[in-house]
**Student:** 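This is the structure, below, for whatever I ask next.
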Amino acid sequence: MTLIQGLVVRSVGSQYSIRTNEGILHAQLRGKLRLLESSSTNPVVVGDWVDLDNDEVLTISAVHDRKNKFSRKAIGNENQEQLLAANIDQLVIVSSVKSPTIRYQFIDRCMVSAEAFRIPVHLIFTKTDLVKNLQDLQDEIEDSYLQSADSIHLVNLVSSPLPISIKNLFEGRMSLLTGLSGVGKSTLIKQLIPESKVKIGITSVKWDQGKHTTSFAELHEVAPGTDIIDTPGLREFALHDVEAWELSHFFREMVPYLDGCKYSKCSHTHEPVCAVKAAVENGEISVRRYESYLLIYEDLLSKED
Ligand SMILES: Nc1nc2c(ncn2[C@@H]2O[C@H](COP(=O)(O)OP(=O)(O)OP(=O)(O)O)[C@@H](O)[C@H]2O)c(=O)[nH]1
Ligand SMILES: [Zn+2]
């Protein structure tokens, strides 16, 4: 008998917190459900709507159909995916311009996944107060992402007020916040929700620590209808379920050129009459993004052998 429905707002291992009409309830996953979706390390994820049953302990008995999901390849298991969130309106990738420096490969891999899942993607670059020639950096970032991201924001999260453009970005949406450890995700959440208990500069539970089944994500409510799902402690992002031949379809700036290649499955690496390579040479596609494409392509190809 279904008792109640709710939204998963927190997960640590197989323990879940669910927002319901009766407040936040804590539940476990029913064994049967745990086995159902063996292709994923975690069949229920933050952002899921679930049914709860009360048989001795409160358990999640069913997961509602998802609008979408966002996942990466599970660490330590090449064939499994690890869900990071479900039912999101947008992915917001946070990077710091210094300490740690921008990891373009991480951003680009997340962006490929977002394209594959058809999720809009926005980029926030923090710690602008730590660089001297901000204009050069902004040019570099825009050269890479003006054509491929839905929006780009450069911010200083510690010594100036949060720009209205950032507040507007989150307003009325379910956002998945991702980014490497230490880039300022918690600081951003604290700016948006001053009363939040989120800890800055401390990562208590890490996605990439210990066994690959360890997973932790938390949904923070900014206002009714405005939610942010945080994924603390991420250290890498490997693509799940993307094949090398289709990779260029998930580089947004390459898509308009794909029909111009001689071969329909052109890899844009060595083939003659390649419209993508021509666009790179003409300066229409960023050289850095193309080089990133090549790295990811080689990586995917090596795993297909
Ligand atoms: N100078 C400067 N420091 C910042 C800025 N944003 C965040 N920080 C600092 O960077 C450190 C890490 O910030 P967090 O918000 O904890 O980073 P996080 O992304 O949540 O890290 P994890 O929880 O490990 O994933 C803290 O000491 C922050 O005060 C910024 O814009 N400028
Ligand atoms: Zn080509």
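In each ligand, atom 1 is the first atom listed, and ligand 1 is the first ligand listed.
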**Student:** Looking at L177, is its backbone amide N or carbonyl O close enough to the side chain of S175 to form a donor-acceptor pair, meaning the two atoms are under 3.5 Å apart?
**Tutor:** no

**Student:** Using heavy atoms and a 4.0 Å limit, tell me yes or no: is G182 in contact with ligand 1?
**Tutor:**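 Within the 4.0 Å threshold, so yes.
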
**Student:** If we count only N and O atoms by modelled type, under 3.5 Å, do the side chains of S71 and H240 hold a donor and an acceptor together?
**Tutor:**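 Distance-only check fails for S71 and H240.
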
**Student:** State the atoms of ligand 1, each with its element, that fall below the 4.0 Å cut-off from a heavy-atom position in L157.
**Tutor:** 6 (N), 30 (C), 31 (O)

**Student:** Closer than 4.0 angstrom, basic N to acidic O: yes or no for D48 and K69?
**Tutor:** no

**Student:** Using a heavy-atom cut-off of under 4.0 Å, does the side chain or the backbone of D129 touch ligand 1, or both, or neither?
**Tutor:**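 For D129, only side-chain atoms sit under 4.0 Å from ligand 1.
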
**Student:** What are the two closest non-hydrogen atoms of I229 and A217, and how far apart are they?
**Tutor:**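 Closest pair (atom of I229, atom of A217, distance): CG2-CB, 4.4 Å.
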
**Student:** Side chains of Y293 and E253: donor-acceptor distance under 3.5 Å anywhere?
**Tutor:** no

**Student:** Is there at least one pair of N or O atoms, one from G179 and one from ligand 1, spaced under 3.5 Å apart?
**Tutor:**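 No: no nitrogen or oxygen of G179 is under 3.5 Å from one in ligand 1.
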
**Student:** Is the shortest N/O to N/O distance between T128 and ligand 1 below 3.5 Å?
**Tutor:** no

**Student:** Polar-atom distance check: V183 versus ligand 1, any N or O pair below 3.5 Å?
**Tutor:** yes

**Student:** Side chains of Y145 and R252: is there a donor and an acceptor less than 3.5 Å apart?
**Tutor:** no

**Student:** Under 4.0 Å from a heavy atom of L130: which atoms of ligand 1 are those, numbered in the order shown and with their elements?
**Tutor:** 1 (N)

**Student:** Using heavy-atom distances only, which candidate in K127, K98, Q191 approaches atom 8 (N) of ligand 1 most closely?
**Tutor:** K127

**Student:** May I ask you to list the atoms of ligand 1 that are less than 4.0 angstrom from any heavy atom of N156?
**Tutor:**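 It comes down to these atoms of ligand 1: 31 (O).
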
**Student:** Report yes if the side chains of I228 and L188 come closer than 4.5 Å at any heavy-atom pair, otherwise no.
**Tutor:**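 A side-chain contact is absent here, since even the closest heavy-atom pair is not under 4.5 Å.
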
**Student:** Would you say S186 has any N or O atom under 3.5 Å from an N or O of ligand 1, going by distance alone?
**Tutor:** yes

**Student:** Is there a side-chain contact between K185 and T126 in this structure, where contact means two heavy atoms from C-beta onward sitting under 4.5 Å apart?
**Tutor:** no

**Student:** Determine whether a donor-acceptor pair (N or O, by modelled atom type, separation under 3.5 Å) exists between the side chain of K167 and the backbone of L192.
**Tutor:** no

**Student:** Applying a 4.0 Å heavy-atom criterion (strictly less than), which segment of V94 is in contact with ligand 1: side chain, backbone, both, or neither?
**Tutor:**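 Under 4.0 Å from ligand 1, V94 contributes no heavy atoms.
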
**Student:** Just to confirm my numbers, could you give the angle made at the Zn ion (ligand 2) by SG of C274 and SG of C266, rounded to 10°?
**Tutor:** 110°

**Student:** Only N/O/S atoms count here: what is the atom of H268 closest to the Zn ion (ligand 2) called?
**Tutor:** ND1

